[in-house]
Amino acid sequence: MTPLGVFGGTFDPIHYGHLRTAFEMLQALRFAHVHLIPCADPPHRGKTYAPAAERMRMVELAVAGEDGFVADDRELRRTGPSYTIDTLTELRGEFPQRALGLILGMDAFLGLHDWHRWDEILDVAHIVVAHRPGWKAPDIGPLGELIAEHGTHRVEDLHNEVHGRIHIHAVTQLEISSTEIRDLVAAGRDPRFLMPDAVRDEIYTSGCYSPGGEI
Ligand code: ATP
């Protein structure tokens, strides 16, 4: 069965860096779908700026009408910190036969060893790491060892096994960040062309990054 991609993030807000990465993974790794899963209560970060329901709404708007993407609200339906291992375990229960590919930017992968029960993730899913500008894959330390043991260059391995492999995949580098977008909006500048228009419009309609609302 065709693997599912799983792409989590605070998505505060979602932007073309996220969407292009998810789309290239969808196509290059031949995923059935990529689930975009906003993190309701991020364990590793301070507060989010937009509330979880608003971040979810922006993800829904970003992928509306796109067959390859699923806007997945499962972390909003749980209470407590949103741990990725819990999300993957839920998906494994729903899709027992399918390979799952957890998509991470290289920056997120480099912080993996701080995640809750991180060493159980490969028991449930593959990890697919997107190259991001300025970040290098580790070749030493616990993550270097993990890559040495589980790494594969072959996309077929992600289809033939349902979990347990690490695949590093180069994606088009779009140096866009949610922080930059929030700062632009707060400074009264227009974030247009960094994200789908529907997301930009929602930012203005909701006023989620500018206390004054619409500009
Ligand atoms: P912030 O600026 O608030 O830290 P962000 O833009 O880095 O946010 P997140 O929601 O924290 O976005 O990221 C979710 C996932 O997307 C992470 O795995 C991260 O590595 C990846 N990611 C973020 N920005 C990009 C980008 N421009 N290109 C590719 N991957 C990205």
Side-chain angles (χ1 to χ4, degrees), residues 5-29 31 34-63 69-76 81-85 87-88 100-116 118 121 125-138 143 166-187 189 191 193-196 199-200 202-203 208-210:
V6 179
F7 193 25
T10 44
F11 300 137
D12 194 11
I14 191 162
H15 53 67
Y16 280 138
H18 301 129
L19 290 163
R20 183 69 205 172
T21 297
F23 186 64
E24 290 189 17
M25 294 296 191
L26 176 75
Q27 297 215 308
L29 306 185
F31 286 137
V34 173
H35 285 235
L36 292 157
I37 310 183
C39 183
D41 179 2
H44 298 284
R45 306 170 57 124
K47 68 178 183 84
T48 60
Y49 293 83
E54 186 58 53
R55 292 182 285 111
M56 184 71 224
R57 172 93 187 119
M58 292 189 277
V59 170
E60 285 166 356
L61 289 167
V63 304
F69 293 132
V70 176
D72 186 330
D73 69 351
R74 69 185 57 244
E75 292 192 358
L76 278 72
S82 308
Y83 292 123
T84 299
I85 185 68
T87 300
L88 293 172
L100 300 175
L102 176 67
I103 301 169
L104 297 176
M106 184 62 80
D107 59 330
F109 179 68
L110 292 179
L112 186 72
H113 54 281
D114 292 331
W115 290 18
H116 181 63
W118 71 277
I121 288 177
H126 301 303
I127 295 177
V128 181
V129 185
H131 274 291
R132 204 179 173 188
W135 299 87
K136 183 180 168 296
L143 293 176
I166 299 177
H167 180 74
I168 299 183
H169 192 86
V171 294
T172 302
Q173 300 182 347
L174 296 174
E175 194 50 15
I176 303 170
S177 75
S178 301
T179 302
E180 174 198 356
I181 291 168
R182 293 192 303 269
D183 290 349
L184 276 178
V185 175
R189 287 162 57 200
F193 303 126
L194 295 175
M195 65 191 73
V199 176
R200 176 233 183 226
E202 176 65 17
I203 287 173
C208 58
Y209 301 124
S210 50

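Note that ligands are numbered from 1 as they come in the structure, with each ligand's atoms numbered from 1 the same way.
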Looking only at atom types and distance, does a side-chain atom of Asp72 sit under 3.5 Å from a main-chain N or O of Ile37, one as donor and one as acceptor? no

In ligand 1, which numbered atoms sit nearer than 4.0 Å to a non-hydrogen atom of Thr21? 28 (N), 29 (C), 30 (N)

Please determine whether the number of non-hydrogen atoms from other residues, nucleotides or ligands lying under 6.0 Å from atom CZ of Phe23 exceeds 12. no

Please could you name the atoms of ligand 1 that Ser177 approaches to less than 4.0 Å, counting only its heavy atoms? 2 (O), 6 (O)

Taking all atoms of both residues into account, what is the closest heavy-atom pair of Ala50 and Arg55, and its distance? O-NE, 3.0 Å

Reference residue Leu102; test side-chain contact (heavy atoms from CB on, under 4.5 Å); the match among Thr87, Ile85, Val6: Val6

Under 4.0 Å from ligand 1, counting heavy atoms only, is it the side chain of Thr179, its backbone, both or neither? both

So which heavy atom on Trp118 is nearest to which on Leu112, and how close? CB-O, 3.1 Å

What about Gly8: any of its N or O atoms under 3.5 Å from an N or O on ligand 1? no

By salt bridge (charged side-chain N to carboxylate O under 4.0 Å, His left out), which residues pair with Asp73, not counting sequence neighbours? Arg77

When you compare the side chains of Tyr209 and Asp183, does any donor N or O come within less than 3.5 Å of an acceptor on the partner? no

Ile103 N/O under 3.5 Å from ligand 1 N/O: no

How does Glu175 reach ligand 1, if at all, at less than 4.0 Å between non-hydrogen atoms: by side chain, backbone, both, or neither? neither

Closest heavy-atom contact between Glu75 and Cys39? OE1-CA, 3.0 Å

Counting from 1 in the order shown, the ligand 1 atoms closer than 4.0 Å to a non-hydrogen atom of Gly105 are 18 (O), 20 (O)

Please report whether ligand 1 has a polar contact with Asp12, defined as an N or O pair separated by less than 3.5 Å (distance criterion only). no

Which atom of Val59 lies closest to which atom of Ala71, heavy atoms considered: CG1-CB, 3.9 Å

Any idea which atoms of ligand 1 are less than 4.0 Å away from a heavy-atom of Ala108? 18 (O)

Under a 4.0 angstrom heavy-atom cut-off, which atoms of ligand 1 come close to Ser178? 1 (P), 2 (O), 3 (O), 5 (P), 6 (O), 8 (O), 12 (O)

Can you find an N or O of Phe7 that's nearer than 3.5 Å to an N or O of ligand 1? no

Would you mind running through ligand 1 and noting each atom that sits below 4.0 Å from a heavy atom of Asp107? 19 (C), 20 (O)

Which ligand 1 atoms does Thr10 reach within 4.0 Å, using its non-hydrogen atoms? 9 (P), 10 (O), 11 (O)

Using a plain distance cutoff, I'd like to know if Leu104 has any nitrogen or oxygen under 3.5 Å from a nitrogen or oxygen of ligand 1. no

Return the set of residues passing ring-ring contact (aromatic ring centres under 6.0 Å, His included) with His113 (not counting sequence neighbours), or none when no residue passes. none

Assess the pair His18 and Phe11: is the distance between their ring centroids shorter than 6.0 Å? yes

For ligand 1, the portion of Arg182 having any non-hydrogen atom under 4.0 Å away: side chain

Counting heavy atoms under 4.0 Å, the part of Leu174 that contacts ligand 1 is backbone

Nearest option to atom 28 (N) of ligand 1, as decided by whichever heavy atom of Pro13, Ala22, Gly17 sits closest: Gly17

Number the atoms of ligand 1 from 1 as they appear, then name those within less than 4.0 Å of a heavy atom of Gly9, with their elements. 10 (O), 14 (C)

